[in-house]
Amino acid sequence: MSSKLVNVAEIFGEDVFNDTVMQERLPKKVYKKLKETIEEGKELDLATADVIAHEMKEWAIEKGATHYTHWFQPLTGFTAEKHDSFISAPLPSGKVLMSFSGKELIKGEPDASSFPSGGLRATFEARGYTAWDCTSPAFVRKDAAGAILCIPTAFCSYTGEALDEKTPLLRSMEAVNKEALRLIRLFGNTTSKKVTPSVGPEQEYFLVDADKFLQRKDLIYTGRTLFGAMPPKGQELDDHYFGSIRQKIAAFMKDVNEELWKLGVAAKTQHNEVAPAQHELAPIYAEANIAVDHNQIVMKTLKKVACQHGMKCLLHEKPFAGVNGSGKHNNWSITTDDGINLLDPGKTPHENIQFLLVLACILKAVDTHADLLRESAADPGNDHRLGANEAPPAIVSIFLGEQLQDVVEQLISTGEATHSIKGGKLETGVTTLPDLTKDATDRNRTSPFAFTGNKFEFRMVGSRESIAGPNVVLNTIVAEAFSEACDILEKAEDFNGAVHDLIKTCLTEHQRIIFNGNGYSEEWVAEAERRGLPNLKSMVEAIPSLTTEKAVALFEKFNVFTKAELESRVEIKYENYSKAINIEAKAMIDIAAKQIIPAVIRYTRSLADTVLSVKEAGADASVQAELLSEVSELLKEAKKALKALEAVTDKAAEKEEGKEQAEFFYYHVIPAMAELRAPVDALEMKVDKEIWPMPSYGDLLFEV
């Protein structure tokens, strides 16, 4: 938290074992072998790994590291780590050597029994392995534990099943690379050696005062407020969005940026978001694998630095009812190793046949697997956000914009596109201001999957979730569409004719997924139903998408998931959903029974005493009596709703774990929670603030 000036160029990546460090410290032959492993997937021998491990250890010790950890991403939504020190067995002198072998670098063995496995193995079968992912650079993280060398790894079971987010992601990246190379070879590209999905995830979050946070059991237990009446002011004035950043928040952002830059995270954009106390951070694009790791670092850093500034960072998708929730817009594109973005339409997209084929394939992929894409963003917290005023609906559609929409319509109607709408100039009407270059199309913030110039922005993703899942789906469904296109074109005698026919066929058959209008409107919900687009309103409804015949065939074809791995993920997701809602329900019961109802009873007792004393004084006590009656009636409603929630939560525990229990929580427990919240929030507006047992929305949102 220093106030000195920072030279970003000097500190950027200083705590990362990056390519520059490797070139400086590794022997040339070792460096070359490692680069071949990273870029071409060649196997790394143990002798080479020993040299890398030694230099990595020496570098980390120079950074102050005493321990190393295989840093992995199990199916908990969080990262996991076990710390081992560099010390070896003591010497006869009583001193110790600091050592780190290639074997320790390449493989770790955390206990896998307590991580979600979804029935892939019995609880007593504890062995699991972490495997070094050399495509994502190691880094030294500095915190209260000291300096730790963090080695990004994949995590699998003793029998080889993926127990993490990283392994399927790497598999999907290999799939889209293979099929994209096939496609660009058809267009005469013989120089590109690799095609990689690039991702830039925007991260939204809330900041609240730490002391007030600790007075809210709901925030402590669940990450969101389970009770809370709206303050007199919310976000209706739109004055927080892009508003001037307060000094306390600016100091927090400065420290966040410095930590991220040192760890090689290219934090680029920061601003106030729409809701009070809501903010956003966005990085520059990185390869999907590195972007996933970086986003985990971002979330951890936001939370850590917030605590250092006397605040708490809320990453829940909907921490406050009545104001905007938080998402994580996943900006996705595919780029060759020599810098060609396959989603760049160029100045004349109607003439860019390769781009049009890529676009047609993506439309086909998203339309065919809209349910999978929706499921990839499914989370108990996101159920409160999707479909609300600030987020896309639960219906997947694609926004192309006027320029590409016009090109698509030309291709569908005539089979040929002869022109593209130009951007032109935007005249400001003020002589001292320059005329601006106008884009060829507007943006659409209501679309869940929008083309934004040279990328697609998947806006459904929830703010606290790993972006691995959505990118696994995106990579795999696009790989399938590319594969099917190549199967046709590789056999074609007339390539030019075949590619034009294929583009027209794809666009014609999948044009229903295109929607450029207001995704928030009720009219769109009806129109989407008419088009036959799925509307999976909840996580519980979305989960079965993972194990349809279509999904199993897709993932098995490209070796991303086995059927058993998919079934395990379904089981884990149902279980996680049930546990999350159960915790929320029990937290509501605890707060209502032990804090709110006793506080309201004290208030009614005080009111009753006031009514008596006023009457004894011969004055009119009708106002006090009326308020006492209103509060007592709401108290009665709250007590009744509390008993109902207790009963239905107990009943949920009796249901069979899995789909049945999750559906019971969704269809019965969540409505009971809403029934309890309504009278409690009404009581908050009537009970003396000095008696109300927790900070209000106004306290949390406006007193940071």
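Numbering starts at 1 and runs along the sequence shown.
Between the side chains of Q296 and H294, no donor N or O sits under 3.5 Å from an acceptor N or O. In the model, N331 has a side-chain atom that pairs as donor or acceptor with a side-chain atom of E202 under 3.5 Å. Side-chain contact of S192 with D338: a donor-acceptor pair under 3.5 Å is present, judged by distance alone. K455 and T452 share a donor-acceptor pair across their side chains, judged by distance under 3.5 Å alone. Remark: the D133 side chain and the T153 side chain contain no N/O donor-acceptor pair separated by less than 3.5 Å. If you check the side chains of K328 and Q203, you find a donor sitting under 3.5 Å from an acceptor. Between H70 and E104, the side chains place no donor N or O within less than 3.5 Å of an acceptor N or O (distance only, hydrogens not considered). A donor-acceptor contact closer than 3.5 angstrom links the side chains of Y31 and D19. Side-chain contact, W71 with D293: no donor N or O sits under 3.5 Å from an acceptor N or O.
For the pair S483 (side chain) and A479 (backbone), a donor-acceptor distance under 3.5 Å is absent. At least one donor-acceptor pair closer than 3.5 Å links the side chain of S172 to the backbone N or O of L169. In this structure a side-chain-to-backbone donor-acceptor pair under 3.5 Å is missing from R459 to P448. In this structure, the side chain of E457 does not engage the main chain of F451 through any donor-acceptor pair within 3.5 Å. When atom types are taken as modelled, the side chain of K57 and the backbone of M98 share a donor-acceptor pair closer than 3.5 angstrom. For the pair D379 (side chain) and M539 (backbone), a donor-acceptor distance under 3.5 Å is absent. Checked by atom type and distance alone, the side chain of K550 pairs as donor or acceptor with a backbone atom of T368 at under 3.5 Å. Checking side-chain atoms of N471 against main-chain N and O of V473 turns up no donor-acceptor pair under 3.5 Å. The backbone N or O of V195 lies less than 3.5 Å from a partner atom in the side chain of N177, making a donor-acceptor pair. Side-chain N or O atoms of K563 include none that pairs as donor or acceptor with a backbone N or O of V552 at under 3.5 Å.
The heavy-atom pair separating T191 from N189 by the smallest distance is N-OD1, 3.1 Å. Nearest heavy atom pair, residue D371 against residue S545, reads CB-OG, 3.4 Å. When all heavy atoms are compared, the tightest approach of K194 to L181 is N-CD2, 4.0 Å. When all heavy atoms of P197 and V176 are compared, the pair lying nearest together is CD-CG1, 3.8 Å. What you find for F355 and L342 is that their closest heavy atoms are CD1-O, 3.8 Å.
The existence of a salt bridge linking E484 and K364 is confirmed by a sub-4.0 Å separation between a basic side-chain nitrogen and an acidic carboxylate oxygen. In summary, E165 and R569 do not engage in a salt bridge, as defined by a charged side-chain N under 4.0 Å from a carboxylate O. The pair D15-R141 does not meet the salt-bridge criterion, since no charged nitrogen lies less than 4.0 angstrom from a carboxylate oxygen. Contact check on R182 versus E490 returns a salt bridge, with a Lys/Arg side-chain nitrogen under 4.0 Å from an Asp/Glu carboxylate oxygen. The pair E375-K573 counts as a salt bridge, with a side-chain nitrogen and a carboxylate oxygen less than 4.0 angstrom apart.
N257 CG to K262 NZ: the interatomic distance, rounded to the nearest 0.5 Å, is 12.0 Å.
F456 pairs with exactly one of N330, L359, I334 by the side-chain contact (heavy atoms from CB on, under 4.5 Å) rule, that one being L359.
Classification of the F155-F72 ring pair by plane angle, with boundaries at 30° and 60°, yields tilted. The aromatic rings of F555 and F561 sit perpendicular to each other, their planes meeting at more than 60°, with 30° as the lower class boundary.
With ring centers used as reference points, F17 lies under 6.0 Å from W59.
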